[in-house]
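Contents: one structure, followed by commentary.
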Amino acid sequence: MPELAEVEYFRRQWDSGFGSLVIAVASHPKMRVFRGTDVAALQKALTGARLLGSEGHGKQMLFRFSGGASLGIHLGMSGRLRAEATGMSPGKHDHLMLLQEQRSLVYCDPRMFGRLRLAVGNGVPEWWRNLPPTVISPAFTRTLLAEQLMRRRRSPVKAALLDQDLFPGVGNWMADEIMWQIKMHPATRAGDLNVLQQHDLWRVSRRICRTALKTIGVDWSEPPKNWLIHRHWQKRGRCPRDGTLLDHGTIAGRTTVWCPVCQKGAAQPG
DNA sequence: TACTCTGTTGAATA
DNA sequence: TTATTCAACAGAGT
C-alpha cells in the first residue's frame, strides 16, 4: 500500500504521541523487519524517552526521541502505523508497540518487507543524510531530471519513476498515474523524451505528488475523480479520458496499466 | 491449488 | 564494466 502520500498518512498516525513518554516497548524481536538492528538496544534507547516529532522523506520516516535516539521506519509492501487505546496486546503482525500512558503506537507489517532501524546519539543518523531532493522541492529541477533521464536513457521511463534516488516516494500506482496523465506509453525509453515531454514529466509528477499529499496524505480522502488510480486495479478498467479498455503488462518488473489509445506511440514492452 | 500483489536487494544477465 | 532484469523475501487475498 504505502507510497509517498500513504506513508505521510501513516506517519501522522503517531502524532498524538508527540510530547509523551514511552513507558515500555513491546516487540517481536526475531522478525525480519528488525534485520540489521539491535532490538535490545532499540528497546533500551526508547524506553523512558519522550517522542519529540517526526519527519518524512519519500517512503522513509524518522521519529525523534529525547536523549538523541531516532527510529527509522520504512513500511515496505504491507506496513502500517496506528495509535491504539492502551491495554491492547500485540497482534500477530504488530512487530513493535511503543506504550505510552494514553495510547500505544503500533507498527504492523504482515509481509515484513518493511524495516525498522535505530540511531543513537545527537546528530543526523547516517541513513538520514544525503537524501535525494523530494519531487516537490525546489531542488528537483528540470535540469536535474533531464540529466538523470539521460543517464538512464536506455531504460523505460517507468523504471526511472520507480527509482527512489530520482523520484523518492513514487511507487507503482503513482508511476502509472504520471505516465497516464502525460499521455506517454510507460515503456518509452528515458532517452527518447524531447524537451517538451521532459517538461511534462517534471510538471505532472510534481502536481500528482502535491495533490496526493493533500488528499490521501492528510485523511486518506480520494484524489480527483478523473485520475487513473480509481480504475487501476479493476479487472476490466476503462480509461477515464476516452473509455478505452485499459491494457496491462509487466514493465520494469512491475504490473503496469496504461491506455492503448492515449498512451500509444512508444516502443512496446519486451 | 496456483497465482496475484502499491517494495527493495543483491545476483544474474546483456 | 555498466546497466538492466530477475528471484527472493512472507503472508493474505482471489
Pair A:Arg64, A:Ser70 - check side chain to side chain donor-acceptor pair (under 3.5 Å), show working. CA-CA 5 Å; A:Arg64 291 181 293 104; A:Ser70 297; over 6 Å; no
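The CG atom of A:Asp165 sits 14 Å away from the C1' atom of B:dG7 (whole-angstrom rounding). The interatomic distance linking A:Asp94 (CG) with C:dG11 (P) rounds to 14 Å, in whole Å. Between A:Met77 atom CE and C:dG13 atom P there is a gap of 15 Å when expressed in whole angstrom units. Whole-Å rounding puts the A:Met31 CE to C:dC9 P distance at 15 Å. Note: CE (A:Met112) to C1' (C:dA12) measures 13 Å, nearest angstrom. Per the geometry, CG belonging to A:Leu166 stands 12 Å off P belonging to C:dT4, to the nearest Å. Atom pair A:Leu149:CG and C:dA3:P shows a separation of 15 Å (rounding to whole Å applied). In this structure, A:Phe10 places its CZ atom 14 Å from C1' of B:dG7, rounding to the nearest Å.
With centroids closer than 5.5 Å and planes inclined by less than 30 degrees as the test, A:Phe113 and the base of C:dC9 pass as a stacked pair.
To the nearest whole angstrom, the two P atoms, one in B:dT9 and one in C:dT1, are 22 Å apart.
Using a 30° and 60° split on the angle between ring planes, A:His95 and A:Tyr107 fall in the tilted class, from 30° to 60°. By the 30° and 60° cut-offs, the orientation of the rings of A:Trp14 relative to A:Phe63 is tilted.
Closest to the side chain of A:Arg152, from the set C:dC9, C:dT4, B:dT8, is C:dT4. Comparing atom distances between the A:Pro110 side chain and each of B:dG7, C:dT4, C:dA12 picks out C:dA12 as nearest. Closest approach to the A:Gln164 side chain among C:dC9, B:dT8, C:dT4 is made by B:dT8 (side chain taken as heavy atoms from C-beta onward). Between C:dT4, C:dA12, B:dG7, one nucleotide has an atom nearer to the side chain of A:Ser155 than all others, and that is C:dT4. Distance from the side chain of A:Arg254 is smallest to B:dT8 among B:dT8, C:dT4, C:dC9.
Checked by atom type and distance alone, the side chain of A:Thr250 never pairs as donor or acceptor with a backbone atom of A:Gly253 at under 3.5 Å.
Taking the centre and axis of the six-membered ring of A:Trp180, the NZ or CZ atom of A:Arg241 falls inside the cone set by 45° and 6.0 Å.
Look at A:Lys92 and you won't find any side-chain N or O under 4.0 angstrom from OP1 or OP2 of C:dG11. Taking 4.0 angstrom as the limit, A:His93 places none of its side-chain polar atoms (N or O) nearer than this to OP1 or OP2 of C:dG11.
Nucleic acid contact for A:Arg115: none, since no nucleic acid atom lies under 4.0 Å from a heavy atom of the residue. A:Gly253 comes within 4.0 angstrom of nothing in the nucleic acid, heavy atoms only.
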